[in-house]
Amino acid sequence: MRRSLNLARGFSLRQRLSDESGIALVMALGVMLVLTIVLTTVITFTAAGARDSHRVNAGQKATALAEAGLNNALAVLNQNYPATPTAATPAYPGNPALLPSRTTAYPTGNATWGGTLEISPLGAQWADEWRITSTGSVANPTGPGAAPVTRTVRAVVPIIVPATVPVTGQSPLNFIYAFNDVTFLQSVVVASPVYATDDLVLQNTSTISEKAGKIGVEGDVYLTSPQNRIGHVNGSSAGAPPVGNEVPQIHIEGECSSQANPTLHNCNWGDPDKIWSVTENNSIPLGFLSYIPQLTCCGPYPTNPNLTPVVASDSDMGLAYRNADLGPRRQCLTGSTPFTFDGAGGPDNLINNSATPTGSTPIDLTPNASYTCKSARGELSWNNATKILTVDRTVFIDGSITISSPTSDEATYVGKGVIYATGTFSMKNTLLCVKTTGSGNNAKCDTLDGAWDPDVGALFIIADGDGGYDSTQSQGNNVESGEGIKLKGASFQGALIANKEIDIDTTSSMQGPMLSVYASVYAGQSNVLTFPSIYFPASGTSNVAGPPPTPQLLPPQQFGGG
């Protein structure tokens, strides 16, 4: 009995130990736990992915809004450029209040955009630039109270001055012009337009050919010698007369003095005053001269000029300092020069003649050694072997300059450009032409009709200095007090523009416009004074001989942000 009971108990224990019916619950609980963890992980990652997706989407929307704001700014700029001057806003470089910060609302968010007008960094290919910033903003998808999602983009829009500016035949660049007197001292035959804000004086055997075309005099006319005459030069070397042998038009607002009647009197056209013209009167018509030259810089002009150092600001010389394609702010990218464009220590942003300080020598553009200097846009080079000077676009030199290449070298130049000098310019027994005639010491500029092609070379010299300022600007006493440009026994083809007097010595040969902005022109040469019409001055001259240059935009660049 007891043995049967023990056997029954043993069987029951073995049966219980071998029974697997409970494991399913354990496994089910384990599987459910694992599935719960997996599901939770999936839900967590799915939620995180969704949130991240929403944030990425929000960021993309913000970037698109920022780009939309940038496009708005570019649209405003393109509507206002090329910029034109107004009574309140100068033409260059544009209206600095054009792009104030503003916000534009869109269905998906906002764009806050604007820009500032800045001077470009030193060495840039342009003088000024717009720096545009635009920020897009959308609601944060993570929920209320979260900071908006923003993205910012930036761009730079360069501002440039065109290389050339077309002008009309009424531009002062097609005249011999003086704020005071225009005086012809020797046997020169004038065959180019003349405009004198004060008096016109003919001395010795000087004459004005019918080929001059037109003459305007706001003051009086003096014909001091029997040989002086205006018109009726009778087919001299100036060329055949266009209408008979009379100047097409003469306008004299003052009176006349001649050999027949030295006392100032109402002009007697024809004999006996020896003034012959198709059209003559005592009133200069409107538009006869399209622009009155000006050249502001370092002091009030014209009554109290001074040359004290000033910051290169928005005066005419200041704009040239900032905008020059080669000069203090844009120096040689390739090559070098044997001189500096500004002070020895680099650009000082001052107009103070620091390239040729007192006691130094003027900068020689044609020394005994070659040099090549090219910026991103301009060039000033001298080949001493071929005696060719290359000037391209606008060059600014904070000092006095000279040409030393002797007449026998028969030096020529190529390119269309302008050289600004804060000091004086002189040539003594030297020559620089586009085309020469003769040889050796008898060489000179070829002044025959058609010989000078301004498309090959047109060099403008603009000198702001005064020979009486210091020993450097006097250039060895060659440039006298009150003079800005002096030629002695020299030959030059191009344009000469000065704030002070322009003096062409008796034995010199000058072909091209001469403009004395606030003083007089003295042409003592003995050749035929004629030059081709110049309709495409370098942009640097348009501050002086025409309205300020019209700035233009380059495509936007230097994109950044995100």
Side-chain angles (χ1 to χ4, degrees), residues 122-127 160-165 295 297 312 316-343 346-349 351 353-356 362-367 370-383 388-405 411-427 432 434 454 457-465 484-485 492-498 512 536-545 549:
L122 286 174
Q125 297 182 25
W126 51 86
I160 62 167
V161 177
T164 59
V165 179
L295 183 56
C297 174
D316 297 321
M317 292 294 290
L319 282 176
Y321 184 105
R322 287 200 311 156
N323 301 343
D325 301 291
L326 186 60
R329 296 188 60 82
R330 270 159 292 280
Q331 302 190 30
C332 307
L333 285 179
T334 59
S336 62
T337 60
F339 52 83
T340 64
F341 295 100
D342 209 347
D348 56 13
N349 208 38
I351 297 176
N353 294 289
S354 58
T356 56
I363 288 172
D364 185 359
L365 300 178
T366 58
S370 299
Y371 64 86
T372 297
C373 175
K374 296 181 180 180
S375 68
R377 295 164 63 85
E379 179 179 357
L380 179 63
S381 302
W382 167 246
N383 188 321
I388 296 176
L389 179 71
T390 301
V391 184
D392 189 23
R393 300 179 71 99
T394 301
V395 179
F396 190 99
I397 297 174
D398 191 15
S400 296
I401 57 177
T402 187
I403 300 294
S404 68
S405 182
T412 58
Y413 72 86
V414 294
K416 291 182 284 188
V418 54
I419 299 177
Y420 278 86
T422 58
T424 59
F425 172 73
S426 79
M427 296 177 63
L432 185 64
V434 177
L459 174 59
F460 300 79
I461 301 293
I462 300 179
D464 186 61
I485 294 178
F492 182 73
Q493 239 167 8
L496 298 178
I497 303 170
F536 40 81
S539 60
T541 64
S542 54
N543 290 317
V544 179

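What you see is a predicted model, and the numbers here were worked out from it, not measured in a lab. Counting from 1, the numbers follow the sequence of the chain as shown. Heavy-atom basis, side chains included; hydrogens, waters and symmetry copies ignored.
Side-chain contact between T337 and C332 is present, with heavy atoms from C-beta onward closer than 4.5 Å. Two residues are said to be in side-chain contact when any heavy atoms from C-beta on lie closer than 4.5 Å; I419 and L459 meet this criterion. Residues I397 and F425 fail the side-chain proximity criterion, which asks for heavy atoms closer than 4.5 Å. The shortest side-chain heavy-atom distance between L365 and Y371 falls under the 4.5 Å cut-off. Residues P367 and F339 form no side-chain contact, since every pair of their non-hydrogen atoms from C-beta on lies 4.5 Å or further apart. In this structure, the side chains of K374 and L333 stay at 4.5 Å or more apart for every pair of heavy atoms. Side-chain contact between L389 and L380: present, with at least one pair of heavy atoms (C-beta onward) separated by less than 4.5 Å. Contact of the F396 side chain with the D342 side chain is not registered, since no non-hydrogen atoms from C-beta on lie closer than 4.5 Å.
The structure places CG of D464 at 4.5 Å from CE of M317, a figure rounded to the nearest 0.5 Å. Expressed to the nearest 0.5 Å, how far OG1 of T422 lies from CD1 of I401 amounts to 9.5 Å. Rounded to the nearest 0.5 Å, atoms CD1 (I403) and OG1 (T366) are 4.5 Å apart. Separating the OG1 atom in T340 from the CD atom in Q331 is a distance of 8.0 Å, to the nearest 0.5 Å. From S404, atom OG reaches atom CH2 of W382 across 7.5 Å, with rounding to the nearest 0.5 Å. Between the CD1 atom of I485 and the CD1 atom of I497 there is a distance of 8.0 Å, given to the nearest 0.5 Å.
Here the side chain of S381 pairs no donor or acceptor atom with the backbone of T372 at under 3.5 angstrom. The closest donor-acceptor contact from the side chain of T356 to the backbone of P362 lies at 3.5 Å or more, if one exists at all. Side-chain atoms of E379 do not come within 3.5 Å of backbone N or O of D392 as any donor-acceptor pair. Between the side chain of T394 and the main chain of D325, no donor-acceptor pair closer than 3.5 Å is present. When atom types are taken as modelled, the side chain of R330 and the backbone of W126 share a donor-acceptor pair closer than 3.5 angstrom.
Across all their heavy atoms, G423 and A463 have their closest contact at O-CB, 3.5 Å. When all heavy atoms of N353 and G399 are compared, the pair lying nearest together is OD1-CA, 3.8 Å.
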### side-chain contact (heavy atoms from CB on, under 4.5 Å) assessment of L319 paired with Y420
CA-CA 11 Å; L319 282 176; Y420 278 86; over 6 Å; no

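Relative orientation of the Y413 and F492 rings is parallel, given thresholds of 30° and 60° on the angle between their planes.
A donor-acceptor pair shorter than 3.5 Å cannot be found between the side chains of Y321 and D398.
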